[in-house]
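Let me begin by presenting the structure, written as structure tokens, before commenting on it.
Both backbone and side-chain heavy atoms feed into the values below; hydrogens, waters and symmetry mates do not.
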There are 2 protein chains.
Amino acid sequence: MARTQGSHSDITGPRIRAAALKLFAKDGYAAVSMRQIAKDVGVQAGALYNYTPDKQTLLYELLRGHMDDLLTVREAEASGTLAPLEALEGFVRFHIGFHVGRPDEVFIAYMELRSLEPENFAQVEKLRRQYEDELEGILQRGLESGDFAIDDAKIATLAVIAMLTGVNTWYRAGGRLSLEQVETIYWNMVKRAVVA
Amino acid sequence: MARTQGSHSDITGPRIRAAALKLFAKDGYAAVSMRQIAKDVGVQAGALYNYTPDKQTLLYELLRGHMDDLLTVREAEASGTLAPLEALEGFVRFHIGFHVGRPDEVFIAYMELRSLEPENFAQVEKLRRQYEDELEGILQRGLESGDFAIDDAKIATLAVIAMLTGVNTWYRAGGRLSLEQVETIYWNMVKRAVVA
DNA sequence: GATTTAACTGAACAAACGTTCAAATCAAAG
DNA sequence: CTTTGATTTGAACGTTTGTTCAGTTAAATC
């Protein structure tokens, strides 16, 4: 079994994942061949199978890793103790910052969900729901405390997330607006949309 | 050349497009084979080539047709003469109603843009920008008249469209909420987000 | 320097791909 | 009934797909 103890080079695995990530994001999972990934890494196609049992697992581990990352990083700045307004602002700014910094991961994370086999899909979907639940909790708390004025916490959750994730379709580092400006613009819109 | 005069059956072409639409939406353009489309229609793969020169054109015509539809239907309820607030409400309700009624078209229209060859991509992209420009115009007018309070008309355009199009990820006809209720919930959020 | 062990190559596999085309089929026209 | 012309079949094409594996290479261990 390969990769059980570090020996000769531990950089090929990551390089494969980086190449797959880039190519899947650009052309889509189904349109990318193992030979293209191998060529990008500078290796023959057969060599990839020392690092992944198959193509599907390669995709799954990218999506799974991305969601783990998202939840782990988010956990570090928990919102449970904050008032709804501050918690919401924190979530908005976190979401934008995190997603803008990982455009390829974000892109495949919801473009290629359907390319996952059912059990892999279920795993990733569960993590995504877990992330959404934090926002829904914030909105629900704010609704009950009277801080927020929304018709439906679940719909507002999905609407806010869709709006925020949309940043990735146009934002490019080094553009007209700084990340902090973008965060503030979106936070203003979210605030006005939900705060009483 | 086939299909120059109606003769024997004019329903095969539409049936092919319907099958392609359904399969592309479910599995993605690259993952769907001409043989799968043919099987769905109840015909051999070779027969498809009496109706389309190749697979790429099939996709292009689906996306192109969808965008033409969008712009044509939208034109029928122009907003130029309305005050910004009414124009915006009309746009929001139209966008939701139109998109919710065509989930497959909407899904491939922005999932499979990258599967279009460059010149086809440019055509479809142009139509999409044309649609977005109407919303941007409404927001810009409202900004200048003082009816709206937003930081940036272009960003607000993209944010609103992302939020509205997100309806398609969860809305199903016959669910808990009627279409009109959904429109109203989203209109409330948009209104609060941008109206002064 | 010899031995071990992990990493990679390069060829091969069966299956599936988009597309083509001669031959068969079928509905309508004369 | 025969002819015409559009439509479909079914096989074939060359290419590409994911994956396997015996054999080569090269680094680490003794």
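- In the set dG18(C), dT17(D), dT9(D), the nucleotide with an atom closest to the side chain of Ala47(B) is dT9(D).
- For the pair Tyr51(B) and dT8(D), the criterion of a side-chain N or O lying under 4.0 Å from OP1 or OP2 is met.
- Between Val43(A) and Ala30(B), the residue anchored closer to the 5' end of DNA chain C is Val43(A), taking for each the nucleotide with the nearest heavy atom.
- Taking the six-membered ring for Trp and thresholds of 30 and 60 degrees, Phe24(B) and Tyr29(B) have ring planes more than 60 degrees apart, a perpendicular arrangement.
- Taking only side-chain nitrogens and oxygens, Thr12(A) comes nearer than 4.0 Å to OP1 or OP2 of dC8(C).
- The aromatic rings of His99(A) and His66(A) stand perpendicular to each other, their planes meeting at an angle above 60°, with 30° marking the opposite boundary.
- Nucleotide dC21(C) holds its P atom 13 Å from the CG atom of Asn50(B), rounded to whole Å.
- Contacts between residues 16-25 of chain B and DNA chain C, counted as heavy-atom distances below 4.0 Å, involve no residue at all.
- One can place CG of Asp54(B) at 8 Å from P of dT20(C), the figure rounded to the nearest angstrom.
- Ring to ring, His95(B) and Tyr186(B) are not that close: their centroids are 6.0 angstrom or more apart.
- Nucleic acid contact for Val41(B): none, since no nucleic acid atom lies under 4.0 Å from a heavy atom of the residue.
- In this entry the distance linking CZ of Arg35(A) with P of dT20(D) reads 13 Å, nearest Å.
- Residues meeting the side chain to side chain donor-acceptor pair (under 3.5 Å) test with Asp133(B), sequence neighbours left out: none.
- Nearest nucleotide to the side chain of Tyr49(B), out of dG18(C), dT19(D), dC17(C): dG18(C).
- The side chain of Gln44(B) approaches dT9(D) more closely than any other nucleotide in the set dC17(C), dT17(D), dT9(D).
- One can place NZ of Lys55(A) at 12 Å from C1' of dT16(D), the figure rounded to the nearest angstrom.
- Relative to the ring axis of Phe91(A), Arg93(A) does not place its NZ or CZ within 45° and under 6.0 Å from the centre.
- Set against dG18(D), dT19(C), dC8(C), the side chain of Met34(B) has dT19(C) as its closest nucleotide.
- The NZ atom of Lys39(A) sits 11 Å away from the P atom of dT16(D) (whole-angstrom rounding).
- OP1 or OP2 of dT17(D) lies within a sub-4.0 Å distance of a side-chain N or O belonging to Ser33(A).
- Listed by first then second residue, pairs satisfying salt bridge (charged side-chain N to carboxylate O under 4.0 Å, His left out) with a partner in residues 107-122 of chain B read Glu112(A)-Arg114(B), Arg114(A)-Glu112(B), not counting sequence neighbours.
- Residue order along DNA chain D, read from the 5' end via each residue's closest nucleotide, puts Gly42(B) first among Tyr29(A) and Gly42(B).
- In this model, no donor atom of one side chain and acceptor atom of the other lie less than 3.5 Å apart for Thr72(A) and Asp69(A).
- Rounded to whole Å, atom P of dC17(C) lies 11 Å from atom CD1 of Ile37(B).
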